[in-house]
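Below is one structure, written out as structure tokens; the observations come after it.
For ligands, and for the atoms within them, numbers begin at 1 and follow the listed sequence. On a predicted model such as this, the values are computed, not experimentally measured, just so you know.
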Amino acid sequence: MENVNKLSVSGLDFSYGDKKILQDLSFDVKAGEFVSILGPSGCGKSTLLNILAGILKVERGEVCIEGQKVEGVNPHFAYMPQNDLLLPWKTILDNVCLYSEIHGNKKEVKALAAEQMKRFGLEGYENSFPSELSGGMRQRAAFLRTTLCDADIYLLDEPFGALDVITRNDLQDWLVKLCRDLNKTILLVTHDTDEAIYLSDRILILGRPGEGIRQEIRIEEKDRSREWLYDQGKLRGEIYNIIKQKASL
Ligand SMILES: Nc1ncnc2c1ncn2[C@@H]1O[C@H](COP(=O)(O)OP(=O)(O)OP(=O)(O)O)[C@@H](O)[C@H]1O
Ligand SMILES: [Mg+2]
């Protein structure tokens, strides 16, 4: 079991009409690994997460969890899409408990959610509706909903994009702890190089549509701190240059 990857993606092809987005895309993720996906806007990051979440179907290639091929929606994955997809007719508390309602353990999760509302800056908004919340608050509610899901692989599409720096740092640290303590496997899409360096064990940089993984960077430092991050200027510059490269390079 030790050597089996938690997640294996092999030879994925996906196009929208005749526009090739993913071509022969392959990578593996170990159990408990935190992997960030960086790449230029439009390169196919959200498309990839949509495929893993079972929303889009690939033309070729396969996705395996612990060596078993999976297709369609799979309970191993908890997905936070780029747009928050909160249900407008449900209160915030009911929205964040949505998946537990589907899985039939709503009571326990509701208690846990009520506890977490404070950490997520949503205390006092339990009975509000999504339309009454700011963009950042909606994002936090969608993030909380995802992490309350009883899944072992989190697919997170820019979960911290709209947050103020204090809340973002707090939730980033909380997510790393969750990953380490509960051995959750995390695939995080982000545009923020610092966020990727600080959080990840490994960074995958996608090229232009159809180009695949341009580079993979392993972050070795295990005792990371915000101070440590300030010293990563060289790495930050390297990642920036890789993202900036033209497809033909
Ligand atoms: N439903 C769709 N129909 C046709 N083309 C689409 C559709 N969704 C996305 N695309 C195109 O596929 C490409 C990849 O889109 P995707 O949303 O995966 O990019 P992304 O890497 O997540 O970008 P961003 O960083 O801006 O979120 C883009 O060129 C986009 O225009
Ligand atoms: Mg996207």
Are L175 and L156 packed together at the side-chain level, in the sense that at least one heavy-atom pair is separated by less than 4.5 angstrom?
yes
Please report which non-hydrogen protein atom sits nearest to atom 28 (C) of ligand 1, along with the residue it belongs to and the distance in Å to one decimal place.
G42 O, 3.6 Å
Is any NZ, NE, NH1 or NH2 atom of the basic residue among D157 and K45 found under 4.0 Å from an Asp or Glu carboxylate oxygen of the other?
no
Excluding waters, which protein N, O or S atoms are within less than 2.8 Å of the Mg ion (ligand 2)?
S46 OG, Q82 OE1
Nearest-neighbour protein heavy atom for atom 9 (C) of ligand 1, which is reported as residue plus atom name and distance:
Y16 CE1, 3.4 Å
Between side-chain atoms of residues 136-143 and protein atoms elsewhere (two or more places apart, or another chain), which donor-acceptor pairs fall under 3.5 Å?
| unit_1 | atom_1 | unit_2 | atom_2 | d |
| --- | --- | --- | --- | --- |
| R138 | NE | D84 | OD2 | 2.8 |
| R138 | NH1 | P130 | O | 3.3 |
| R138 | NH2 | D84 | OD1 | 3.0 |
| R138 | NH2 | D84 | OD2 | 3.4 |
| Q139 | OE1 | A162 | N | 2.7 |
| Q139 | NE2 | E158 | O | 2.8 |
| Q139 | NE2 | P159 | O | 3.3 |
| R140 | NE | G136 | O | 3.4 |
| R140 | NH1 | F120 | O | 3.1 |
| R140 | NH1 | G121 | O | 3.1 |

D24 bridged to R60 by N-O distance under 4.0 Å:
yes
Among T193, D173, D192, exactly one meets side-chain hydrogen bond (donor to acceptor under 3.5 Å, both in side chains) together with Y198. Which residue is that?
D173
Judging by distance only, is a nitrogen or oxygen of C43 under 3.5 angstrom from one on ligand 1?
yes
Does ligand 1 come near enough to G44 that some N or O of the ligand is less than 3.5 Å from an N or O of the residue?
yes
Salt bridge or not for D28 and R202, using N-O below 4.0 Å?
no
Are the side chains of S15 and E59 in touch, meaning some heavy atoms are under 4.5 Å apart?
yes
Report the part of T47 (side chain from C-beta onward, or backbone N, CA, C, O) that has a heavy atom under 4.0 Å from ligand 1; answer both or neither where that applies.
both
Considering only non-hydrogen protein atoms, determine which one is nearest to atom 27 (O) of ligand 1 and report residue, atom name and distance to 0.1 Å.
Q82 NE2, 2.9 Å
closest protein heavy atom to atom 26 (O) of ligand 1 is S41 OG, 2.5 Å
For atom 17 (O) of ligand 1, which protein heavy atom lies nearest, and how many Å away is it?
S46 CB, 3.7 Å
For the residue pair D150 and V109, establish whether any side-chain heavy-atom pair is separated by less than 4.5 Å.
no
Taking only Lys NZ, Arg NE, NH1 and NH2, and the carboxylate oxygens of Asp or Glu, determine whether D152 and K6 approach each other closer than 4.0 Å.
yes
Please list the nearest protein heavy atom to atom 29 (O) of ligand 1 with its residue and the distance rounded to 0.1 Å.
K19 NZ, 2.7 Å
Whether S26 side chain and G11 backbone form a donor-acceptor pair below 3.5 Å
yes
